[in-house]
Amino acid sequence: QVHLVESGGDLVQPGGSLRLSCTASGVTLDAYAVTWFRQAPGKAREGVACTRSSDGSTYYADFVKGRFTISRDNAKNTVYLQMNSLKPEDTAVYYCATNDGSRRLSIWYSEYEYDYWGQGTQVTVSS
């Protein structure tokens, strides 16, 4: 059974940094695409960043380009989201998701592409 667990969310001041982790069991993540999503109260869930595989293929939403970086540590079966220059509008619950490998990703930021989700971790950016 696939199980994803996010961690690293916290309260941080504007301009600060956080590193989120997504650790998996029941699947070897380097064989699959992994995407970070976020959802703020009253807003739709939106794709943040995606890594298709360990070859370094990555994709980012326009609102985080130049500030966030997605990466993998295959030895730890973990995907990270390094978040720098954080803004209050980054406040949200952040989720990681992966697919079951049955279909190649078409639109990386579509929720319909993914089969397994973590429980989420809260990020709050405020002074």
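Because the structure is a prediction, the values reported are computed rather than measured.
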- Single-linkage hydrophobic cluster Val79~Leu4, side-chain heavy atoms < 4.5 angstrom: yes
- Message: Regarding Thr98 and Tyr114, do their side chains bring together a donor and an acceptor under 3.5 Å, going by distance alone?
- Response: no
- Search all heavy atoms of Gly9 against all heavy atoms of Thr121 and return the closest pair with its distance. N-OG1, 3.1 Å
- Query: Are Cys50 and Tyr109 close enough that some pair of their side-chain heavy atoms sits under 4.5 Å apart?
  - Reply: no
- Ignoring hydrogens and angles, tell me if any N or O in the side chain of Asn77 forms a donor-acceptor pair with the backbone of Ala24 under 3.5 Å. yes
- Side-chain (Thr28) to main-chain (Asp30) donor-acceptor, under 3.5 angstrom: no
- Item | Expected output: side-chain Arg67 to main-chain Ser85 donor-acceptor under 3.5 Å | yes
- Item | Lys/Arg N to Asp/Glu carboxylate O, Asp62 vs Lys65, below 4.0 Å | yes
- Ignoring hydrogens and geometry, is there a side-chain-to-backbone donor-acceptor pair from Glu113 to Ser106 under 3.5 Å? yes
- Show the numbers, then the answer: is there a side-chain contact (heavy atoms from CB on, under 4.5 Å) between His3 and Val27? CA-CA 8 Å; His3 186 216; Val27 64; over 6 Å; no
- Message: Test your reading of the model: is there a side-chain donor-acceptor pair from Asp90 to the backbone of Val125, 3.5 Å cut-off?
- Response: no
- Item | Side chain Gln39, main chain Ala92, donor-acceptor under 3.5 Å | no
- Message: Please evaluate residues Tyr32 and Arg52 with respect to the criterion side-chain contact (heavy atoms from CB on, under 4.5 Å), reporting the C-alpha separation (whole Å), side-chain torsions for both, the decisive distance (0.1 Å), and the verdict.
- Response: CA-CA 6 Å; Tyr32 304 100; Arg52 281 185 172 265; over 6 Å; no
- Minimum side-chain heavy-atom gap Phe37-Val48 below 4.5 Å: no
- Indicate the atoms forming the closest heavy-atom contact of Thr69 with Tyr60, along with that distance. CA-OH, 3.4 Å
- Steps toward side-chain contact (heavy atoms from CB on, under 4.5 Å) verdict (Met83, Val123): CA-CA 10 Å; Met83 306 186 296; Val123 172; 3.9 Å; yes
- Any side-chain donor near an acceptor of the partner, Arg72 and Thr51, under 3.5 Å: yes
- Return yes if some donor-acceptor pair links the side-chain N/O of Ser126 with the main-chain N/O of Thr124 below 3.5 Å, else return no. no
- Query: According to a 4.5 Å side-chain heavy-atom criterion applied to Ile, Leu, Val, Met, Phe, Trp and Tyr, with indirect links allowed, do Val34 and Tyr116 form part of one hydrophobic cluster?
  - Reply: yes
- Item | Donor-acceptor contact present, side-chain Ser110 to main-chain Ile107, <3.5 Å | no
- Item | All pairs passing ring pair (Phe, Tyr, Trp, His ring centres under 6.0 Å) where residues 63-83 contributes a residue, at least two apart | none
- Task: Of all the heavy-atom pairs spanning Cys22 and Trp36, show the shortest one and how long it is.
- Result: CB-CZ2, 3.6 Å
Contacts table for residues 10-21: side-chain donor-acceptor under 3.5 angstrom, sequence neighbours left out:
residue	atom	partner	partner atom	Å
Ser17	OG	Asn84	OD1	2.9

- With the side chain counted from C-beta on, respond yes when Thr91 and Gln122 share a heavy-atom pair under 4.5 Å apart, and no when they do not. yes
- Query: Say you draw a straight line from OG1 of Thr35 to CG of Asn99; how long is it, rounded to the nearest 0.5 Å?
  - Reply: 8.5 Å
- Query: Do Arg45 and Tyr95 pass the side-chain contact (heavy atoms from CB on, under 4.5 Å) test, and can you show the C-alpha distance, the side-chain angles, and the key distance before you say yes or no?
  - Reply: CA-CA 9 Å; Arg45 189 170 297 183; Tyr95 303 88; 3.7 Å; yes
